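In what follows, a structure is listed as structure tokens, so that the remarks can point back to it.
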Amino acid sequence: MNAECRYSRNEGLFGAEGQAKIAGTKVTIVGLGGLGSHVAQQLAYLGVRMFALIDFDIVTESSMNRLIGASDADVSAATKKVDAAERMIHSINPAATVDRFGGRVADSGAEAPIAWSDVVFGCLDRDIHRLELTEVCARNRKVFFDLASDTGGGESLWYGGRVVLCAGSGCLVCLKLLDQEQMALDQMDQREREADQRIYGVANGALLGPGPSVVSVNGVVASLAVTEFMVHVTGLRAPAAQLTYRADLGTVTKSLDRPAEGCYYCEGLWRAPSP
Ligand SMILES: [Zn+2]
């Protein structure tokens with residue numbers, strides 16, 4: 001295998017120096033589902049060589065509409081998503097190192113791979129898990145790209161997604177991007193949710209769990225995030241703080257929203273003086 005040939009088309013954009021920076025960047029991907037599997041594949045092709053993967057879940061029939069690298073045999077074998085992603089990364093680059101943690105962000109075992117990494121990709125479905133990951137990334141002062149694909153609307157249906165860069169000057173909390181009602185529901189068990197629905201009339205949709213998720217929309221969101229990672233690591237330009245993809249309109253826009261002052265995560269953890 002000739003390493004010079006492999007990345008020559010990358011180096012046409014950001015040079016051998018940029019390629020070396022990508023190879024020297026340690027990346028943790030949290031969530032290896034519809035978004036994270038795209039991210040893992042693209043980072044492997046981009047030339048990232050050091051990976052940590054975090055996901056507790058297995059490959060199921062209902063994920064086969066969007067899980068990049070998973071095969072039909074993985075459904076019957078109940079393959080872990082971290083194992084399917086590791087196999088895909090190694091099929092692209094056998095020399096890559098891939099550590100796997102088959103648990104959740106809130107588990108103590110997730111701290112070490114996040115602390116080890118230079119950049120974290122959050123590819124999660126639920127806002128409660130985004131908040132947990134924000135806390136761990138802020139405490140460890142990591143550059144954190146949060147990815148989301150989403151739908152909503154009712155009468156005026158919209159669908160698409162977003163990428164937010166959190167590194168101490170704006171995060172999911174101070175940009176007010178987390179759904180408080182959904183997070184409260186995520187923390188309840190099924191009986192509590194049904195009682196809450198009876199008492200407060202919470203919309204049924206909020207109780208159904210994750211909404212639609214489509215491979216091409218996820219692919220755009222993952223591509224936006226990996227491109228912002230690429231410009232950040234190679235120094236091509238400053239990465240965007242927040243990009244919003246409206247697939248229903250066919251647009252990508254850069255948000256100019258200002259974060260709220262006094263954020264515990266940005267000011268109290270990310271930018272706190274080193275101990
Ligand atoms: Zn913040």
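Since this is a predicted model, take the numbers as computed values, not measurements. Counting starts at 1 for both ligands and their atoms, following the listed order.
You'll find the side chain of Met64 reaches within 4.5 Å of the side chain of Val59, heavy atoms only.
Ion pair Arg237/Glu228 flagged as a salt bridge, since at least one NZ, NE, NH1 or NH2 atom sits closer than 4.0 Å to an Asp/Glu carboxylate oxygen.
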Test side chain to side chain contact (heavy atoms under 4.5 Å, CB included) applied to Leu46 and Met230, step by step: CA-CA 8 Å; Leu46 189 64; Met230 176 192 79; 4.2 Å; yes
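For the atom pair SG (Cys137) and CH2 (Trp270), the distance works out to 6.0 Å, reported to the nearest 0.5 Å.
Note: Phe121 and Phe145 have parallel aromatic rings, judged against thresholds of 30 and 60 degrees for the angle between ring planes.
Panel detail: the Zn ion (ligand 1) has protein N, O or S atoms under 2.8 Å away, 4 in number.
Annotation for Met50: hydrophobic cluster partners, listed by chain and number, are Trp116 (ILVMFWY side-chain heavy atoms under 4.5 Å, direct or chained).
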